[in-house]
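When reading the values below, keep in mind they use all heavy atoms of this one structure, side chains included, and skip hydrogens, waters and symmetry mates.
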Amino acid sequence: MKKLVIVESPAKAKTIGKYLGPDYEVLASVGHIRDIPTPKDLPADMKKGPFSQFAVDVNNGFTPYYAVSENSKRTVADLKRALKEADELYLATDEDREGEAIAWHLYEVLKPKVPVHRMVFHEITKDAIEQARDNTREIDRSLVDAQETRRILDRLYGFEISPVMWRMVGRGLSAGRVQSPATRLLVDRERERIAFVSADYWDLLATVGTDSQPANQFHAKLVRLGGAKLATGNDFADNGTVKSSARVLTETEATTLVNAMREPATTVTVASLETKPHTRRPFAPFTTSTLQQEAVKKLKFSARQTMSVAQRLYENGYITYMRTDSPNLSVQAMNAARSQAIKLYGEDQVSEKPRIYSGKSKTAQEAHEAIRPAGDVFRTPDELSSVLRGEELRLYDLIWKRTVASQMADARGQTATVTLAVDAPASPRADFVASGTVITFRGFMNAYDETSDEDRNAQDAQEDSKLPSMTEGQALVLADVESKGHSTVPPPRYTEASLVKKMEEIGIGRPSTYSATIATILDRGYAVMKGQALVPTWIAFSVTRLMEQSFGDLVSYEFTSEMEDDLDKIANGDADWRDWLRQFYFGHDSHRGLKDSAENLGDIGRAGRKAQGVSAGRHAPG
DNA sequence: CAGTGAGCGAGCTTCCGCTTGACTT
């Protein structure tokens, strides 16, 4: 007789099967096996009655009706068959809320007659697996409660509010705990853009040098005039007014100054010279969210495409699991990254101590490690260039570089900043500034030599060039000075990358759903792609306004993180899940529940209709 | 008598999160 082990993913089952040997059969549940069906998929005798609206009986303890999903029927049959041949059952689904629930559903559906163990592990290595097998526990009922609460809440939210959208806005529309705030992000940003008032300001750009040789020249920007700081884009509010005490230079003033400075009597002297060390740390290894962001930005993949390419890499054993919220590397992976970096770039380019990265997302569940090349010895992109093609190779390359770089040394260099005093006839004193960074030690940049977009923009502003050597008090040659006009620009629209980043920040959605949520927003017609930008449509505006008016709490950006706090209480046994759902759905004290909000759409004008409805309403048959 | 049209009623749309194929374009 064998022992049956059930994990979530078939690829994982294969690896673990190898570690556990012939006494164990390892199969996969392939994700969730049961779910709450939509009401139209309920058995005929349940279509009328307490389950008809949600497939959850809200009047009887929020009892959910579960059914084995169509796609899982074969899997369940296979598992049942295997269980008959087994004398023990190990439920080895992921150690997070969803994984615990899958274990419980497996238990409910398989009805095992043999001893059952709940087994959890964080790393897929022989040691970790064997240790997990020898240290099992029971299914954590409170954690399952928390998952069911989450699931039921999402059903109530979606299926109570979507019909409101059909009535008020258009057929086929939808609302949900994740998609509605995500849509609202797009709408809020568009509102900011519409309300935005552009402002114009000017500054001067001088070309100066230690002599008139072009090689010894550099550009410097006017930053202070007569002791007052000159306004830049950051000094303007969104309504076009100046929000600081900075001085705004007009075109006329700029032209007058340029003309004065072009007089031969103008002198330029080095007022101060400062050199500061510059260091940059490598980025953390990829999580789902950061992988999507980088692939969208650097490879021009869509979020969905990124996931499907990563899936292929995972299934063929090239990378670790691609749906994760943890940037942590296993000890083996850390060693693999370090020894590969030492071999390729030299020992001095690698950080002295292993770098450990921790997740910053408060809603992270961290059931998996970071996305990285698979194995205890990483294969380089070059080694794989004959087996991997196009997209797959490019994504592997990105993952490999990021992982190796994450264990390398900081890049170091110096940033020199020089302040120049420009004295022109009949003009206030003008201070110009130039700075240049020189990287003297590349460290992680050997592997991952790419700066983030923010840095690139910052560099545009101050042309990152090497400065010639100078001393304080030195007189410089002014080769040219010109005025430059600028206009403030509204905040940019979200791209897939920046939306995923924002969603992770406020804790809505999960690694397995980021790309699906964006697809939903596009499918519903809430947004259209314009280049890389997600542009909200008028439908999104209508839906968001309706949500804000009638379900303000539910589209607040804090709703999910507050829900997570409450689910934690349920998971710890400090709160009752039925009480929680009751308050959410039926309300309590002064707080309107979801049901009341949906039925009386926050419109005082409808109060009369409500009263009429109640008096004319039929009572339950007696 | 056949074709038209008003009026009525039934059926449909929808959530999030976990995991892969089996489908079509």
- Message: If the threshold is 4.0 Å, N to carboxylate O, is there a salt bridge linking Glu505(A) and Lys502(A)?
- Response: yes
- Task: Would you indicate what Ile36(A) reaches in the nucleic acid, counting non-hydrogen atoms under 4.0 angstrom: base, sugar-phosphate, or nothing?
- Result: nothing
- OP1, OP2 of dC15(B) versus side-chain N and O of Ser174(A): anything below 4.0 Å? yes
- Message: For the base of dT14(B) and the side-chain ring of Phe159(A), does the geometry meet a stacking cutoff of under 5.5 Å between centres and under 30° between planes?
- Response: yes
- Query: Do we see a donor-acceptor contact under 3.5 Å between the side chains of Thr495(A) and Ser498(A)?
  - Reply: yes
- Query: What is the distance, rounded to the nearest whole Å, between atom CZ of Phe559(A) and atom P of dC16(B)?
  - Reply: 12 Å
- Cation-pi check, Arg189(A) to Tyr494(A): give yes when NZ or CZ is under 6.0 Å from the six-membered ring centre and within 45° of the ring axis, no otherwise. yes
- Item | Between P of dC15(B) and CG of Asp41(A), the distance in whole Å | 14 Å
- Can you tell me how far P of dG17(B) sits from CD of Gln147(A), to the nearest Å? 10 Å
- Message: Heavy-atom nearest nucleotide on DNA chain B for Arg524(A) versus Gly99(A): which residue maps closer to 5'?
- Response: Arg524(A)
- Spacing between Trp166(A) atom CH2 and dC15(B) atom C1', to the nearest angstrom: 11 Å
- Query: Can you find a side chain N or O atom of Gln179(A) that sits less than 4.0 Å from OP1 or OP2 on dC15(B)?
  - Reply: yes
- Message: Can you build the contact string for nucleotides 19-25 of chain B? Use B for base contact, S for sugar-phosphate-only contact, and - for no protein heavy atom under 4.0 Å.
- Response: BS-----
- Item | Identified salt bridge (charged side-chain N to carboxylate O under 4.0 Å, His left out) counterpart of Glu148(A) within the set Arg97(A), Arg141(A), Arg578(A), Arg34(A) | Arg141(A)
- Assign Gly176(A) to base, sugar-phosphate, or nothing according to its heavy-atom contacts below 4.0 angstrom with the strands shown. sugar-phosphate
- Sugar-phosphate only, base, or nothing, as touched by Thr38(A) at under 4.0 Å among non-hydrogen atoms: base
What side-chain donor-acceptor pairs closer than 3.5 Å can you find for residues 38-51 of chain A, not counting sequence neighbours?
residue: Thr38(A); atom: OG1; partner: Asp41(A); partner atom: OD2; Å: 3.1
residue: Lys47(A); atom: NZ; partner: Lys40(A); partner atom: O; Å: 2.9

- Query: Given that Asp154(A) and Gly170(A) both sit by DNA chain B, which one's nearest nucleotide is further toward the 5' end?
  - Reply: Gly170(A)
- Task: Output yes when at least one side-chain N/O atom of Arg177(A) is less than 4.0 Å from OP1 or OP2 of dG17(B), else no.
- Result: yes
- Test item: Arg524(A) side-chain N/O and Leu173(A) main-chain N/O as donor-acceptor pair under 3.5 Å: no
- Touch check for Ala175(A), heavy atoms < 4.0 angstrom, all strands: base, sugar-phosphate only, or nothing? sugar-phosphate
- Figure out the CD1/P separation between Ile508(A) and dC15(B), and round it to whole Å. 15 Å
- Message: Between the base of dC18(B) and the side chain of Arg510(A), is there a donor and acceptor pair under 3.5 angstrom?
- Response: no
- Query: Tyr157(A) OH to dT14(B) P: how many Å, rounded?
  - Reply: 17 Å
- Note on the structure: note: Met307(A), atom CE; dG17(B), atom C1'; distance rounded to Å ~ 13 Å
- Nearest whole angstrom, please: distance from the C1' of dG17(B) to the CG of Leu153(A). 13 Å
- Query: Any side-chain N or O of Ser162(A) less than 4.0 Å from the OP1 or OP2 oxygen of dC15(B)?
  - Reply: no
- Side chains of Arg118(A) and Thr93(A), donor plus acceptor under 3.5 Å: yes
- Message: Side chains of Tyr526(A) and Thr544(A): any donor to acceptor distance under 3.5 Å?
- Response: no
- side-chain N/O Arg150(A) vs dG17(B) OP1/OP2, d < 4.0 Å: no
